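Below is one structure, written out as structure tokens, with a few remarks after it.
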Amino acid sequence: MSTRRILLGGALALPAIAARAQERPVQVYVGFAPGGNIDLAARMAAPFLEKHLGGGTQIIVVNKPGAGGMLMLNDVAAAAPDGRHVALVSFPALVTALYDNTPRYRVDSFAYAGLLTDEPYTVFVGTDTPYRSLRDLVEAARAAPEAINIAGAGIGSAPHLALMAIERATGARFTWVPTQGAGQAMQLVQGGHVAGSISTVSLTVRAHLQGTLRVVAIMERERWDKAPDLPTGVEQGVDVLVGSARGFALPAATPAPILARWEEAVRRTANDPEFRALAERDFLIVRHMDRATMTRFVDDQARAYGEVWRSSPWRR
């Protein structure tokens, strides 16, 4: 972890920092455009974080899309460590940029306050496409390599890496269409501009049930009990298990009392019955990790995707 900055006034300055943070809104940053799965998770969690942070805290969700979330992460890593600048970070996007780009942050540029959600991905297509299963989609891409467009957040994003894993497992070749987030990708699918996309169950399953898109696979080992009619990729011969985890990160130099307050707020939000009821309603899968566990998780992700990059780089 980076060495924490020495604050003028020592420990006596900490209450003043916390007080100032409470006087001004806390900004929770999302590195993607509004309407996507990460944005929706941030907006669902915000009022519960306000409640559990206490002290009249007000949270504003700020969207800063660009470069698969990297631009937002650069800004938060360099922000003042006063508890007012918090990133809802997504994995593996945070770590993949370390290999395929030149971010101004490193893994230890952040203090991790806790993981909140972890969801499997779905592969989905437009309702006007001929594809009724993942097998149909894969066979079409084998027959016409790179002719089928799949949209999603930028190069090296978790959905893009998921598609690459499907290609490696099946021999199919698709064309990836980068967007500013999952919401924009869904619009392209629903508008018939691309064949399909990859995103989490919380964004796609409700739309599938409403008939505005067609989920052709959940990328899990077993079917999901909330949508048992949806087949897994594994049962269609595509043994790829992928998803996206999200949690909160602050600048590394954030003082320990502020981090402890955030860790507790994330824990209480994850266990809040009202939040869990909303998550259940909206197909959002809650998976909490405390600060220490999330920090180990980030380190593990960085090592794992470093190995993937060295063997199968996703950007040339």
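The structure displayed is predicted, hence computed values, not measured ones.
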Distance, nearest 0.5 Å, that separates CG of L40 from CG of L284:
9.0 Å

Hey, is the main chain of P120 close enough, under 3.5 Å, to the side chain of E220 for a donor-acceptor pair?
no

How close do L230 and H208 get, heavy atom to heavy atom, and via which atoms?
CD2-NE2, 3.1 Å

Do any N or O atoms from the side chain of Q184 and from the backbone of Q180 form a donor-acceptor pair under 3.5 angstrom?
yes

May I ask whether V205 and V216 are part of the same hydrophobic cluster, defined by side-chain heavy atoms of I, L, V, M, F, W, Y residues being less than 4.5 angstrom apart, directly or through others?
no

Test of understanding: clusters of I, L, V, M, F, W, Y form through side-chain heavy atoms closer than 4.5 Å, transitively. Do V215 and Y131 belong to the same one?
no

Find the distance between CZ (R43) and CD1 (I38) and round it off to the nearest 0.5 Å.
12.5 Å

According to the interplanar angle, ranging from 0 to 90°, do the rings of Y305 and W314 count as parallel (below 30°), tilted (30 to 60°) or perpendicular (above 60°)?
perpendicular

Nearest non-hydrogen partners of L116 and A45, listed with the distance:
CD2-CB, 3.8 Å

Salt bridge between R214 and D128, side-chain N to carboxylate O under 4.0 Å?
no

Please check if atom CD in Q210 has more than 12 non-hydrogen atoms from other residues, nucleotides or ligands closer than 6.0 Å.
yes

Are F297 and F91 close enough that their ring centres sit under 6.0 Å apart?
yes

A side-chain contact here means heavy atoms from C-beta on lying under 4.5 Å apart; do L203 and M186 qualify?
yes

Could you check whether any side-chain heavy atom of P92 comes within less than 4.5 Å of a side-chain heavy atom of L161, counting everything from C-beta outward?
yes

Hey, what do you get for CZ (R24) to CG (D82), rounding to the nearest 0.5 Å?
6.0 Å

Nearest 0.5 angstrom please: L250 CG to R84 CZ, how far?
12.0 Å

From the list V123, D239, V234, L241, side-chain contact (heavy atoms from CB on, under 4.5 Å) with M219 holds only for V123

Pairwise distance CG(L115) to OG1(T295) - rounded to 0.5 angstrom:
10.5 Å

I198 and side-chain contact (heavy atoms from CB on, under 4.5 Å): which partner among T122, V242, I166?
I166

Any T117 side-chain heavy atom under 4.5 Å of I285 side chain:
no

Side chain to side chain contact (heavy atoms under 4.5 Å, CB included) between R135 and E139, intermediate numbers included
CA-CA 6 Å; R135 187 177 290 109; E139 289 177 354; 3.5 Å; yes

Show, in sequence, the C-alpha distance, side-chain angles and deciding distance for E280 and K226, and conclude whether the side chain to side chain contact (heavy atoms under 4.5 Å, CB included) test is met.
CA-CA 9 Å; E280 179 79 7; K226 292 195 67 176; 3.7 Å; yes

Exercise: identify the closest heavy-atom pair between P81 and P255
O-CD, 3.1 Å

Between Y99 (side chain) and V308 (backbone), is there a donor-acceptor pair under 3.5 Å?
no

Does a salt bridge link D290 with R267, judged by any charged N lying under 4.0 Å from a carboxylate O?
no

Same apolar cluster: F275 and V30, side chain cutoff 4.5 Å
yes

With the side chain counted from C-beta on, respond yes when R281 and R206 share a heavy-atom pair under 4.5 Å apart, and no when they do not.
yes

Taken to the nearest 0.5 Å, the spacing of I150 CD1 from W176 CH2 works out to 8.0 Å

Verify side chain to side chain contact (heavy atoms under 4.5 Å, CB included) between V26 and W262, making sure each step is shown before the conclusion.
CA-CA 11 Å; V26 172; W262 263 93; 3.8 Å; yes

Are V201 and L213 joined in one hydrophobic group, where the rule is that I, L, V, M, F, W and Y side chains link up if heavy atoms are under 4.5 Å apart?
yes

Surrounding CZ of R173 (heavy atoms of other residues, nucleotides or ligands, distance under 6.0 Å), is the total greater than 12?
no

Any side-chain heavy-atom pair from T179 and L188 closer than 4.5 angstrom?
yes

Quick one: does any side-chain atom of R142 pair with a main-chain N or O of G171 as donor and acceptor, under 3.5 Å?
no

Are the side chains of Q301 and L94 in touch, meaning some heavy atoms are under 4.5 Å apart?
no

State plainly whether one hydrophobic cluster holds both V86 and F32, where clusters connect Ile, Leu, Val, Met, Phe, Trp and Tyr through side-chain heavy atoms under 4.5 angstrom apart.
yes

Which atom pair, heavy atoms only, marks the closest approach of V76 to A249?
CG1-O, 4.2 Å

Would R223 and I218 count as a side chain to side chain contact (heavy atoms under 4.5 Å, CB included) here? Give the steps.
CA-CA 7 Å; R223 292 197 181 201; I218 294 180; over 6 Å; no

Okay, side chain of E50, backbone of I59: is any donor-acceptor separation there less than 3.5 Å?
yes

Please report the shortest heavy-atom distance between Y121 and A158, naming the atom on each side.
OH-CB, 3.1 Å

Listed by chain and number, what are the ring pair (Phe, Tyr, Trp, His ring centres under 6.0 Å) partners of F283, not counting sequence neighbours?
W224

Minimum heavy-atom distance between A279 and V286, given as atom pair plus value:
CB-CG2, 3.8 Å

Quick one: does any side-chain atom of T96 pair with a main-chain N or O of G156 as donor and acceptor, under 3.5 Å?
yes

Distance-only donor-acceptor check, side chains S244 and T200, under 3.5 Å
no

Are the side chains of V107 and Y112 in touch, meaning some heavy atoms are under 4.5 Å apart?
yes

Do Y105 and M70 make a side-chain contact, defined as non-hydrogen atoms from C-beta onward lying under 4.5 Å apart?
yes

How would you list, by chain and number, every residue that makes a salt bridge (charged side-chain N to carboxylate O under 4.0 Å, His left out) with D300, sequence neighbours excluded?
R303

